[in-house]
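Down below is the structure, laid out as structure tokens.
Bear in mind the structure is a predicted one, so any value in this text is a computation, not a measurement. Throughout, residue positions are numbered sequentially from 1 according to the sequence presented.
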Amino acid sequence: MSSKSIESNYKFAREYYAAIGVDSDAALKKLATIPISLHCWQGDDVGGFEPDAGGASGGILSTGNYPGRARTPDELRSDIDKAFSLIPGMKRLNLHAIYLDTDKAVDRNRITPEHFQSWIDWAKQNKAGLDFNPTFFGHPKAASNLTLSHPDAGIRKFWIEHGIACRKIAEEMGRQLKTPSIMNTWIPDGFKDVTIDRQAARRRLERSLDAMFQEKISPKYMKDAVESKLFGIGVETCTVGSNEFYLGYAVKNGILLTLDSGHFHPTEIISDKISSVLLFVKEILLHVSRPVRWDSDHVVFFDDELQAIAREIIYNGVDKVHIGLDYFDATINRIIAWVVGTRNMQKALLKALLEPADQLKKMEKEFDNGRKMALIEELKLFPLGAVYDYFCEQQGVPPGIGFLSEIDKYEKQVLSLR
């Protein structure tokens, strides 16, 4: 579609939204300020770059063998560069500790900011923020699926030291990039079958977290978050870091709570949790994925739940919610997976920004539920696509599915040669 057609379509759409009191120009201006943190592990199938890498574990599994998986930090950065060039808006990247850049083996409790300086330099060039995650899986000391809650004090000490090292790395990322790095702590700890003393394991986890978070670090540079999970492969009976545990811990200690859209019971949705949690914690982190048969981490679709999540983000305050994506699919072109998922998240945010929020809230308060329902249903056919195409045009990225031809070229010239 030509630039002239995109602009013409947008003018029509702007009038459409103006008729219900919505300023689409203001919505686009706001959308341009909302960063979405791209997850690095989509690009290499959660393998990481440790010289003696052992692969994923702890119930984490990426399936498929589509050609072109990134094998080095430089290859992964090249792939992310291509994805960034096809995604409008502000940029962030979410790194795991196993993505360090070094030729020498270094155990996880000895990693330092130096091992991630190349990522920091790359982020500076891209004017992007960096978020971070300790890696409590894929390691001999995680073979039992117990880390911070392990009954062996020596193993707990190792993982506490890893967490402390990661906080230092995240702090340095935030310091150099002048935007706080959100450090998310997720552990695979749990038991496969009959579990007798759950509270003992949770007490050990609490004490380990207390030790790990003991040093106060300015939120100007980094912010801690903790993430729960319902269960994982190999820990079906008891997950030590449950939702109740981490919600209580986050509230008690004034840190962020992470809500992952695949980490709850299949009938639970995180869109309904956001408003409740924000009454008791100042900020939250979202890991947005698309569960199919529970936590299977599929590419984010523009579905009802994503739209509901976006509405809750906009209505409750984007300054209180940090958005990250979390999925990994090795059966398809990995850059397509990044681009489609991120753009869908943006489309959902834009849809929420284009809603007449004040009118809808007033109708609800006055129990005018019939008119509220009618307006919400009518909005589903409003020309959202024309507004998003215009946003892409403004940001200098291909509108519509124009990004596919760019990815096809990159696949032929780069990915197919790996």
State whether E312 and K273 are salt-bridged, where the test is any N-O pair (Lys NZ or Arg NE/NH1/NH2 against Asp/Glu carboxylate O) under 4.0 Å.
no
Using a distance-only test with no angle check, is there a side-chain donor-acceptor pair under 3.5 angstrom linking Q117 and D121?
yes
Where the side chain of Y315 meets the backbone of S275, is there a donor-acceptor pair that is under 3.5 Å apart?
no
Can you confirm whether the side chains of T258 and N184 place a donor and an acceptor under 3.5 Å from each other?
yes
Please identify each residue that fulfils salt bridge (Lys or Arg N to Asp or Glu O under 4.0 Å) with E114, with sequence neighbours left out.
none
Aromatic ring centroids of F231 and W294 under 6.0 Å?
yes
Salt-bridged, D295 to K229, with N to O below 4.0 Å?
yes
According to the interplanar angle, ranging from 0 to 90°, do the rings of F245 and Y249 count as parallel (below 30°), tilted (30 to 60°) or perpendicular (above 60°)?
parallel
Nearest heavy atoms of Y221 and R175, plus distance in Å:
CD2-CA, 3.4 Å
Tell me if a side-chain donor or acceptor on H287 pairs with a main-chain N or O of L325 at a distance below 3.5 Å.
no
Aromatic ring pairing H96/W41, orientation class (parallel under 30°, perpendicular over 60°, tilted between):
perpendicular
Between D329 and Y66, do the side chains contain an N or O donor and an N or O acceptor separated by less than 3.5 Å?
no
Return yes if some donor-acceptor pair links the side-chain N/O of E75 with the main-chain N/O of R71 below 3.5 Å, else return no.
yes
Between W159 and F136, what is the ring plane arrangement, given parallel below 30°, perpendicular above 60°, and tilted in between?
tilted
Test item: S118 side-chain N/O and D101 main-chain N/O as donor-acceptor pair under 3.5 Å
no
Does D272 have more than 12 heavy atoms from other residues, nucleotides or ligands lying within 6.0 Å of its CG?
no
